[in-house]
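Read the numbers this way: they start at 1 and go in the same order the structure lists the ligands and their atoms. All of these numbers come straight from a predicted model, not from anything done at the bench.
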Amino acid sequence: MSVAAQAHDEEAMIVEMVRDLVAEKVAPRAAAIDESEEFPDDIRRLFAQNDLLGIPIPTEYGGLGGSFVTYVKVVEEIAKACASSSLIVAVQELGMLPIMIGGNDEQKRRFLPKIASGEHLAAYALTEASSGSDALGSMRTRARRDGDSYVLDGQKIWITNGSVADVVCVFAVTDPDAGSRGVSAFVVEKGTPGFSVGKKERKMGIKGSPTVELIFNECRVPAANRLGEEGEGFKIAMKVLDKSRPGIAAQALGIAAGALEYATQYARDRVAFGKPIGQHQGIGFMLADMKTEVEAARLMLYESARKCDEGAADVSLWASMAKLKCGDVAMAVTTDAVQVLGGFGYSAEYPVERMMRDAKITQIYEGTQQIQRLVISRNLVGKGR
Ligand code: COS
């Protein structure tokens, strides 16, 4: 068997295993996770036991050495049933990527095996109160060199899994006059003096995923935890997003596919005016459009993941296009799924209401849809002044 065929078989096996795991263990927990608004540590352990937390990490660092295509398919399968649970896998990826991309061999050996095994959770801290879309220009968190360490001061907000993470990759300004070369990246470990967790956000959706403020107060981090050279942090942050946005696109697509499946079944079962509602053109055509959009988005998603695997030059463009398409499809399809179910769709007794709330964030985080359009258009016509 060729190497490609073997990889394809392995991928199919993993996806099938995840589908079964989701049906048996994740789907039955989804409504309760949303309602309790608590991080599902049982699901995290389940994913760790099944090697889902280090899929694209190379085997030499304890990971599965799988492809990005496999990784996005796994996120998609989980998100069909529970968006909060899918974020455990997606944010583990986001949090480890700065180390994969910017770390040296010693740092990879120190941090990646425990992330790959799921013993440690990872998070990514870029966003600040006044620095969301304008990640570079408005960053205020500072890192000052002092002997063999850096001293970090500042606050990050909207940090997914920040309160449960063992290692956080933090971006901070080391030279305020150096523009894009004035930001550096650091791994900050839980328990480091001066590092604490602040307020937890109350959110519309993804309620089982804690989103928190992180506070750095004279937080001393060894220089050995700086990723890449001083000043390389912003480029590392951007390269990470190129590979993590397909993960959010996968989450969005999974949510859409889950809602479509539920709405389709409902439209087959629910009878009005003497026949299943799906056979009335008003609903049947809605389902036709939903299905077409989901499949179109899926093709873009897999292509963007393939570009990540290939290290293609246009990975940034494809990551943004996939996130834009899948996020918008998730919002439209879940909204329509609620409509197909009518009054039941609006009720928390049925999952499409949760899916619609969960879908919204995929148009916002890891770069708003407006930022994706900015990246796409700059790829086409440049940035200008
Ligand atoms: N890969 C490598 N380098 C990149 C890059 C990429 N994908 N994107 C940008 N860069 C580099 C640029 O080449 C530039 O380098 P030079 O100064 O050496 O030329 C530098 O980074 C600054 O880039 P740019 O000039 O494009 O910065 P801007 O401030 O104009 O805009 C955007 C950058 C808007 C694209 C960026 O801030 C962004 O993605 N914002 C959204 C952030 C986000 O997604 N937040 C969510 C947080 S995670 S939940």
*Asks:* Side chain, backbone, both or neither: which applies to Thr160 and ligand 1 if a contact is any heavy-atom pair less than 4.0 Å apart?
*Replies:*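 No part of Thr160 comes within reach of ligand 1.
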*Asks:* Can you find an N/O atom of Gly367 closer than 3.5 Å to an N/O atom of ligand 1?
*Replies:* yes
*Asks:* To the nearest 0.5 Å, what is the distance between OG1 (Thr70) and CD1 (Ile14)?
*Replies:*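 If we round to the nearest 0.5 Å, Thr70:OG1 and Ile14:CD1 are 5.5 Å apart.
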*Asks:* Should you measure from each heavy atom of Ser133, which atoms of ligand 1 turn up under 4.0 Å away?
*Replies:* 34 (C), 37 (O), 38 (C), 40 (N), 41 (C)
*Asks:* Applying a heavy-atom cut-off of 4.0 Å, say which part of Leu94 lies close to ligand 1: side chain, backbone, both or neither.
*Replies:* neither
*Asks:* Would Thr127 count as being in polar contact with ligand 1, using the rule that some N or O on each side must be under 3.5 angstrom apart?
*Replies:* no
*Asks:* By number and element, which atoms of ligand 1 are closer than 4.0 Å to a non-hydrogen atom of Gly132?
*Replies:* 42 (C), 45 (N)
*Asks:* With a 4.0 Å cut-off on N to O distance, would you call Lys73 and Glu11 a salt bridge?
*Replies:* yes
*Asks:* In terms of heavy-atom contacts, does CD of Glu35 have more than 12 from other residues, nucleotides or ligands at under 6.0 Å?
*Replies:* no
*Asks:* Below 4.0 angstrom from a heavy atom of Leu241, which ligand 1 atoms are there? Numbered from 1 as shown, please.
*Replies:*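 Those qualifying, in numeric order: 43 (C), 44 (O).
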*Asks:* Could you list the atoms of ligand 1 found under 4.0 angstrom from a heavy atom of Asp242?
*Replies:* 1 (N), 6 (C), 7 (N)
*Asks:* Students often mix this up, so state it plainly: with edges at 30° and 60°, are the rings of Tyr266 and Phe344 parallel, tilted or perpendicular?
*Replies:* perpendicular
*Asks:* Do Thr362 and Gln251 have side-chain N/O donor and acceptor atoms under 3.5 Å apart?
*Replies:*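 Gln251 and Thr362 do not have a side-chain donor-acceptor pair below 3.5 Å.
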*Asks:* So, taking the atom named CG in Leu227 and the one named CG in Leu97, what distance separates them when rounded to the nearest 0.5 Å?
*Replies:* 11.5 Å
*Asks:* Mind checking whether Asp134 has an N or O less than 3.5 Å away from an N or O of ligand 1?
*Replies:* no
*Asks:* Look at atom 35 (C) of ligand 1 and say which protein heavy atom is nearest, naming residue and atom and giving the distance to 0.1 Å.
*Replies:*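 Protein heavy atom with the smallest distance to atom 35 (C) of ligand 1: Val375 CG2, 4.0 Å.
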*Asks:* Nearest to atom 49 (S) of ligand 1, what protein heavy atom do you find, and at what distance?
*Replies:*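 Here the closest protein heavy atom is Glu366 N, 3.4 Å.
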*Asks:* Salt bridge check: are Arg245 and Glu366 linked by an N-O gap of less than 4.0 Å?
*Replies:*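 Judged by the 4.0 Å cut-off on N to carboxylate O distance, Arg245 and Glu366 do not form a salt bridge.
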*Asks:* Is the closest heavy atom of Gly179 to ligand 1 under 4.0 Å?
*Replies:*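 No, Gly179 has no heavy atom closer than 4.0 Å to ligand 1.
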*Asks:* Find all atoms of ligand 1 within a distance of less than 4.0 Å from any non-hydrogen atom belonging to Lys383, and give their numbers and elements.
*Replies:*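 What qualifies from ligand 1 is 24 (P), 25 (O), 30 (O).
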*Asks:* Looking only at heavy atoms of Gly137, does any of them come nearer than 4.0 Å to an atom of ligand 1?
*Replies:*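 No; Gly137 lies far enough from ligand 1 that no heavy-atom distance drops under 4.0 Å.
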*Asks:* Could you tell me which atoms of ligand 1, counted from 1 in the order shown, lie closer than 4.0 angstrom to a heavy atom of Ser316?
*Replies:*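 So the atoms of ligand 1 that pass are 7 (N).
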*Asks:* Looking only at the side chains, is there a donor atom on one of Thr211 and Lys203 sitting less than 3.5 Å from an acceptor on the other?
*Replies:* yes
*Asks:* Salt bridge between Glu293 and Lys325, side-chain N to carboxylate O under 4.0 Å?
*Replies:* yes
*Asks:* Any idea which protein heavy atom is nearest atom 10 (N) of ligand 1, and the distance to it?
*Replies:*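 Here the nearest protein heavy atom works out to Met238 CG, 4.1 Å.
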*Asks:* Quick one: do Lys239 and Asp242 satisfy salt bridge (charged side-chain N to carboxylate O under 4.0 Å, His left out)? Show the steps, please.
*Replies:* CA-CA 5 Å; Lys239 285 184 186 165; Asp242 287 345; over 6 Å; no
*Asks:* Under 4.0 Å between a Lys/Arg side-chain N and an Asp/Glu carboxylate O for Arg109 and Glu106?
*Replies:*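 Answer for the salt bridge query: no.
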*Asks:* Where's the contact between Phe234 and ligand 1, heavy-atom distance under 4.0 Å: side chain, backbone, both or neither?
*Replies:* side chain
*Asks:* Is there a polar contact, in the sense of an N or O pair closer than 3.5 Å, between Lys235 and ligand 1?
*Replies:*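 Yes, there is a polar N/O contact under 3.5 Å.
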*Asks:* Tell me which protein heavy atom sits closest to atom 44 (O) of ligand 1, plus the residue, atom name and distance to 0.1 Å.
*Replies:*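 Nearest neighbour among protein heavy atoms for atom 44 (O) of ligand 1, to 0.1 Å: Arg245 NH2, 2.8 Å.
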*Asks:* Taking only heavy atoms of Leu374, which atoms of ligand 1 are found under 4.0 Å from at least one of them?
*Replies:* 34 (C)
*Asks:* Is any N or O atom of Lys239, backbone or side chain, closer than 3.5 Å to an N or O atom of ligand 1?
*Replies:*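 No.
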*Asks:* Heavy-atom distance from atom 20 (C) of ligand 1 to the protein below 4.0 Å?
*Replies:* yes
*Asks:* Out of all atoms in ligand 1, which are within 4.0 Å of some heavy atom of Ser180? Include the element for each.
*Replies:* 15 (O), 16 (P), 17 (O), 18 (O), 20 (C), 22 (C)
*Asks:* Counting only pairs under 3.5 Å, give me each side-chain donor-acceptor contact of residues 218-226, with atom names and distances, residues two or more places apart or in other chains.
*Replies:*
residue, atom, partner, partner atom, Å
Arg220, NH1, Asp146, OD2, 3.0
Arg220, NH1, Ser149, OG, 2.9
Arg220, NH2, Asp146, OD2, 2.8
Asn225, OD1, Arg110, NH1, 3.0
Asn225, OD1, Arg110, NH2, 3.2
Asn225, ND2, Val187, O, 2.9
Asn225, ND2, Glu189, OE2, 3.1
Arg226, NE, Gly228, O, 2.9
Arg226, NH1, Tyr150, OH, 2.9

*Asks:* Please find out if less than 6.0 Å separates the ring center of Tyr124 from that of Phe171.
*Replies:* yes
*Asks:* Name the closest protein heavy atom to atom 28 (P) of ligand 1, giving the residue it belongs to and the distance to 0.1 Å.
*Replies:*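 I find the closest protein heavy atom is Arg378 NH1, 3.8 Å.
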